[in-house]
2 protein chains.
Amino acid sequence: MDFSRRDIHSTEIPVLCRSCEVRHKGMCGALNPDELTLLSRHTRQLQHSSGEELVGESTDVEAYDNVMRGVVKLSKTLEDGRQQIVGLQFAPDLVGRLYATESPMTAEAASDVEVCRVPKVMLERLIERNPALRKRLMDQALRELDEAREWMVTLGRKTASEKVASLLMLIAVHLDPDARGDRRIFDLPMSRLDIADYLGLTIETVSRQFSRLKKDGIISITANRHIEVQSLAKLQSRCG
Amino acid sequence: MDFSRRDIHSTEIPVLCRSCEVRHKGMCGALNPDELTLLSRHTRQLQHSSGEELVGESTDVEAYDNVMRGVVKLSKTLEDGRQQIVGLQFAPDLVGRLYATESPMTAEAASDVEVCRVPKVMLERLIERNPALRKRLMDQALRELDEAREWMVTLGRKTASEKVASLLMLIAVHLDPDARGDRRIFDLPMSRLDIADYLGLTIETVSRQFSRLKKDGIISITANRHIEVQSLAKLQSRCG
DNA sequence: GCCTTGCCTTGATCAAGATCAATTCTGGGC
DNA sequence: GCCCAGAATTGATCTTGATCAAGGCAAGGC
């Protein structure tokens with residue numbers, strides 16, 4: 001698995017949401033600060049497990065959401081309730097299916113989240129006359145495709161213990177990218193249920209695998225969510 | 001799962017590969033016949049399980065392959081040999097990672113395949129000045145992303161029997177799209193091993209599930225590959 | 001025709017992970 | 001500090017699908 005840091009400008013730059021007059025610490029992703037300032041129309045704070053949806057099937061608004069802070073989960077549900085998380089979006093990703101008014105998917109806050117809402121037509125009009133933006137959006141789509149396919153290997157061919165190790169690696173890379181050496185410290189941005197739904201496991205199995213990683217001295221956990229990875233190399237070696 | 005026929009012009013149109021002077025029955029996909037005639041430089045016939053790779057990591061050629069006939073499998077392999085097929089490409093898909101000279105993936109013929117090879121730089125130059133082509137390629141990327149995420153649900157949350165039913169539905173839709181009524185007849189474009197690698201199962205489990213579908217009168221199989229679906233509705237009801 | 005080879009099927013057994021059922025931990029309200 | 005509700009852990013048991021092993025079947029070579 002390729003856990004290298006994605007190519008974004010991680011220095012935070014102020015972004016002013018014109019309509020709400022909220023000043024964010026934004027990051028350069030698909031939309032740069034200027035474009036975001038130009039387009040953003042509404043800023044929302046969403047709380048973890050509020051049940052509120054972002055751009056998604058049921059909230060079929062004509063908009064995209066640019067993630068400013070926190071983690072958004074994209075999930076799909078079978079008729080009998082079985083759920084699978086099919087993607088995580090970190091700042092500064094743009095959430096929402098380009099060129100489609102609905103998508104058979106739900107976007108919800110996995111952690112506490114702040115998003116800037118961008119009207120669909122405005123963005124799509126801007127895409128037409130801005131080749132750089134177009135390229136960045138194409139790159140986000142292709143990167144998400146690569147990530148989805150990489151995760152298919154995890155879902156289809158890895159053991160429970162490899163799955164959990166892979167998730168910890170993924171999050172360590174996204175949430176503590178500047179750490180030095182072999183240790184990483186971060187807070188899990190999601191519940192055990194979310195983790196299970198992302199890995200195609202049950203919460204009990206996830207919990208047992210965490211306990212095993214603790215027992216083996218690879219991680220320590222406090223307050224359920226706070227993770228200290230003692231050795232990233234050892235964790236990597238468990239990713240299959 | 002959405003098994004609706006993808007939006008392509010399925011009428012076949014002649015395409016002339018200029019360099020090889022081969023005339024194909026092409027279909028309109030990401031590249032239309034004019035663009036393909038303009039760009040194609042070499043036509044290759046690949047045989048099922050020849051081991052030959054299309055555009056991929058090891059054959060790091062500066063080209064894309066446009067599938068004219070047959071089915072191409074995209075797969076990833078873990079160090080210990082566990083394999084996962086992460087996508088199937090049917091005619092007239094374009095195979096190859098846009099804007100990247102290598103991708104951690106292998107593309108091989110799943111069935112007997114005919115492809116038109118297109119030089120990377122030529123296509124990327126054409127993209128710059130052809131908005132319609134650009135949009136079609138963006139749409140293929142977004143569609144592949146949707147399909148990958150849909151398959152993640154299959155891999156992570158469905159039972160073996162639902163997985164096999166889902167694969168049969170997928171192939172029925174692609175390879176016998178014009179069939180009327182509730183019956184479908186087609187040849188499986190891949191081996192049991194490929195099926196297992198696409199579904200995250202073993203060949204034995206796949207075989208048992210086929211046997212069960214036969215016993216329940218939902219499908220009949222002759223010569224290993226030839227499938228007759230007696231009731232698409234019943235098959236659908238087993239997809240989870 | 002017979003043998004070989006590769007692919008598929010079937011059966012017996014095993015183990016990883018699911019399920020069911022208690023506890024225990026954590027955080028929030030008072 | 002104490003209580004409560006939701007979340008996480010742990011244990012006991014069961015099920016699904018993997019593994020190991022044997023045999024069937026069809027195509028190609030001689």
Side-chain angles (χ1 to χ4, degrees), chain A residues 47-51 78 80-84 110-112 154-168 187-216 219-227 238 240, chain B residues 47-51 78 80-84 110-112 154-168 187-216 219-227 238 240:
Chain A
Q47 273 171 16
H48 156 53
S49 65
S50 63
L78 293 173
D80 62 5
R82 281 174 285 174
Q83 193 170 71
Q84 177 67 46
S111 63
D112 290 352
T154 301
L155 288 173
R157 286 295 178 214
K158 291 190 184 176
T159 64
S161 107
E162 290 166 340
K163 285 179 176 182
V164 170
S166 299
L167 179 77
L168 288 176
D187 286 313
L188 280 177
M190 58 210 300
S191 69
R192 296 291 187 276
L193 183 59
D194 284 341
I195 294 172
D197 283 345
Y198 194 31
L199 296 172
L201 299 169
T202 59
I203 50 170
E204 292 93 334
T205 299
V206 170
S207 180
R208 281 182 239 276
Q209 297 305 330
F210 274 137
S211 300
R212 197 144 81 90
L213 287 170
K214 272 192 292 190
K215 187 167 66 63
D216 295 350
I219 62 171
S220 60
I221 307 181
T222 45
N224 284 344
R225 299 279 190 114
H226 188 75
I227 306 276
R238 300 213 170 188
Chain B
Q47 273 171 16
H48 156 53
S49 66
S50 63
L78 294 173
D80 62 5
R82 281 175 286 174
Q83 194 170 69
Q84 177 66 46
S111 63
D112 290 353
T154 302
L155 288 173
R157 287 295 179 216
K158 291 189 184 176
T159 64
S161 112
E162 290 167 340
K163 285 179 177 182
V164 170
S166 299
L167 180 77
L168 288 176
D187 287 313
L188 280 177
M190 58 210 301
S191 68
R192 296 290 187 279
L193 183 59
D194 283 341
I195 293 173
D197 283 344
Y198 195 30
L199 296 172
L201 299 170
T202 58
I203 52 170
E204 293 94 333
T205 298
V206 170
S207 179
R208 281 182 240 277
Q209 296 307 329
F210 274 138
S211 299
R212 196 144 80 90
L213 287 171
K214 273 193 291 191
K215 187 167 66 63
D216 296 351
I219 61 170
S220 61
I221 307 181
T222 46
N224 284 344
R225 298 281 190 112
H226 188 75
I227 306 276
R238 300 212 171 189

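Keep in mind that what you see is a predicted model, and the values were worked out from it rather than measured. In what follows, chains carry the letters A, B, and so on, assigned in the order in which the sequence lines appear, proteins first and then strands, with residues in each chain numbered from 1.
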In short, A:Y198 meets A:Q84 closest at the heavy-atom pair O-NE2, 3.1 Å
Rounded distance (Å) that lies between atom P of C:dC7 and atom CZ of B:F210: 16 Å
Could you grab the distance from atom NZ of A:K214 to atom CD1 of A:I227, nearest 0.5 Å is fine? 8.5 Å
List for me each residue that meets side chain to side chain donor-acceptor pair (under 3.5 Å) alongside A:D112, sequence neighbours excluded, and say none if there are none. none
Does the side chain of A:R82 come within less than 4.5 Å of B:T159's, by heavy atoms? yes
Note: B:H226 and B:D187 closest approach over all heavy atoms is ND1-OD1, 2.8 Å
For the helix from C:dG1-D:dC30 to C:dC30-D:dG1, what is the angle between the axes at its two ends, each from 5 pairs, rounded to 10°? 30°
What is the separation between atom CD on A:E162 and atom P on C:dA16, rounded to the nearest whole Å? 12 Å
Quickly work out the A:L201 CG to D:dA8 P distance and round it to whole Å. 15 Å
Looking only at non-hydrogen atoms, find the nearest pair between A:A196 and A:T202 and report the distance. CB-C, 3.6 Å
Rounded to whole angstrom units, what separation is found between the CD1 atom of A:I221 and the C1' atom of C:dT26? 14 Å
Does A:E204 or B:S211 map to a spot on DNA chain C nearer the 5' end, using the closest nucleotide for each? B:S211
Length of the line joining A:L199:CG and C:dA16:P, which is rounded to integer Å: 18 Å
Quick one: A:Q209 CD to D:dA8 P, roughly how many Å, whole number? 16 Å
Do the non-hydrogen side-chain atoms of B:R225 and B:P189 ever get within less than 4.5 Å of each other? no
Between C:dA12, D:dA8, C:dG17, spot the one nearest the side chain of A:R225, thanks. D:dA8
Between B:S207 and C:dT9, is there a contact of a side-chain N or O with OP1 or OP2 at under 4.0 Å? yes
Any N or O donor-acceptor pair under 3.5 Å from the base of C:dT10 to the side chain of B:R212? no
Let me know the distance between CD1 of B:I203 and P of C:dT9, rounded to the nearest Å. 9 Å
Once you round to the nearest 0.5 Å, how far does CG of A:L155 lie from NZ of A:K158? 9.5 Å
Does A:T202 put a side-chain nitrogen or oxygen below 4.0 Å from OP1 or OP2 of C:dA18? yes
What's the closest nucleotide to the A:R208 side chain, out of D:dT9, D:dT19, D:dT10? D:dT10
So if I take residues 188-197 of chain A and measure heavy-atom distances to DNA chain D, which residues fall below 4.0 Å? A:S191, A:R192
Can you tell me how far apart CG (B:L199) and OG (B:S166) are? Round to the nearest 0.5 Å. 8.0 Å
NZ of B:K158 versus P of C:dA18: gap in Å, rounded? 18 Å
On DNA chain C, more 5' by nearest nucleotide between A:N224 and A:T159 is A:T159
Looking at B:Q209 and B:S161, what are the two nearest heavy atoms and their distance? OE1-CB, 3.0 Å
